[in-house]
There are 2 protein chains.
Amino acid sequence: MAKQSRKELIIREAAIIFKQKGYSATSMRELAEKVGIEAASLYNHIRSKDEILEEICFSVAHEYLSFITEIEEANQSHSEKLAHLIETHVKLMIERPNEVSVANNDWKNLSEPKKKLYKEVRKGYENRIANILTKGMQTGEFKQINVSVALFTLLSSLRWIELWYKPNREISPEELQADLTTFLVNGLKK
Amino acid sequence: MAKQSRKELIIREAAIIFKQKGYSATSMRELAEKVGIEAASLYNHIRSKDEILEEICFSVAHEYLSFITEIEEANQSHSEKLAHLIETHVKLMIERPNEVSVANNDWKNLSEPKKKLYKEVRKGYENRIANILTKGMQTGEFKQINVSVALFTLLSSLRWIELWYKPNREISPEELQADLTTFLVNGLKK
DNA sequence: CCTACCGATCGGTAGG
DNA sequence: CCTACCGATCGGTAGG
């Protein structure tokens, strides 16, 4: 239990540094210093630098997957589902900004069996959102535009919140969600 | 002249590898191999690995700056200016996908006087787009939403084209532009 | 443009 | 969790 929380501390600190300078540019010695131990001691808690990245990327990925299931099963219009999706992304970025950022930017550095898996998981997530968009277009709720364009415009808009949004900025999370919904959902609606 | 084009070749190859694996994870030896010379020989054409990154980032930045001036000076409505901006971003990403990608993702690895400068240049660019949005809201052409939200949603949507768009995909550059304009400009319009 | 090489730093291990 | 240390690799230089 004490060991578990030590590992979690390491991963939490790693996410902060990885976000700032990127996975490759971060050394284990720097991470160790932030944690307050020697570099060699990190290896009593984690197997490798690689493992840290894996834990971050897949933990974020699984969180998104659990949300999308909830959204699919809800009894809502397609517009409402999108609004719910936006809310979920905003919330996750505010709760775990570092992990989300690392998963988005540094997954390329995963080593090979895991990198392929990560891409597949992400592709699966995208397909499920694409489904919502396609259905919304079929029922006439949304404009007819290319589904990939709609999908990636939506995801990109949400993804980059982590780059510029800081809570206690001039805008609250609630306003952020509301404005994004106005812009994006109304942009799609007929 | 021959020397100049050799340097350009090195930078062009570097952009390809940097995009694939990131600046930090790319070694000069790998770059040299792609260029077809020994690592030490790279230094007859460039001063440092750092210089390559600088050239890429600032060359992209200056290209954006020249476009935005053109857009500001055009005698167009604010919606038309946005459509023009979208067109410009799409075109640049199709013409120089690797450089644009590296500038967007690896500018963090610039060393210190240059990193600060890069951030300032980018901030200046963002401010000029924010101006177009603000004016469009004041004249009632656009919905009233938080300008930063509108700005970053717009820029993010354009920025991430480079991650998934491949010409000769199922969609042409013209369709891409048209659909993005439909989604984003109409999302902003009242 | 190459051979030969440098000091620094990397991720990680042995052994306690 | 530390000391001591390893082999590998890094960006880059000297000298031709």
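So that the names make sense, note that chain A is the first sequence line, chain B the second, and so on, each numbered from 1.
- Checked by atom type, the side-chain pair N105(B)/R159(B) shows a donor-acceptor distance below 3.5 Å.
- By the 4.0 Å N-to-carboxylate-O rule, E51(B) lies close enough to K7(B) to be salt-bridged with it.
- Electrostatic pairing of R12(A) and E8(A) does not count as a salt bridge here, judged by no charged N lying under 4.0 Å from a carboxylate O.
- Consecutive pairing runs in DNA chain D reach the stem threshold at C:1-16 with D:1-16, where a stem means at least three Watson-Crick or G-U wobble pairs with distances under 3.5 Å.
- From the 5' end on, the contacts that DNA chain D makes with chain A at under 4.0 Å to a non-hydrogen atom open and close at dC1(D) to dA4(D).
- By the ring-ring contact (aromatic ring centres under 6.0 Å, His included) test, F18(B) pairs with Y23(B), sequence neighbours left out.
- Within residues 10-36 of chain B, the residues that have a heavy atom under 4.0 Å from DNA chain D are, in order of number, T26(B), S27(B), M28(B), R29(B).
- When every heavy atom of D179(A) is checked against every heavy atom of N146(B), the shortest pair comes out as OD2-N, 2.8 Å.
- The environment of E33(A) atom CD is sparse: at most 12 non-hydrogen atoms of other residues, nucleotides or ligands sit within 6.0 angstrom.
- Between the side chains of S157(A) and S157(B), a donor-acceptor pair is found at a separation under 3.5 Å.
- Among pairs with a residue in residues 61-70 of chain B, those fulfilling side-chain hydrogen bond (donor to acceptor under 3.5 Å, both in side chains) read E63(B)-R96(B), T69(B)-R128(B), at least two apart in sequence or across chains.
- Distance CD1/I68(B) to CD/E126(B): 11.0 Å, rounded to 0.5 Å.
- Every pair passing side-chain hydrogen bond (donor to acceptor under 3.5 Å, both in side chains) that includes a residue from residues 78-90 of chain A is listed here, sequence neighbours excluded: S77(A)-E80(A), H78(A)-E141(A), S79(A)-E141(A), H89(A)-Y125(A).
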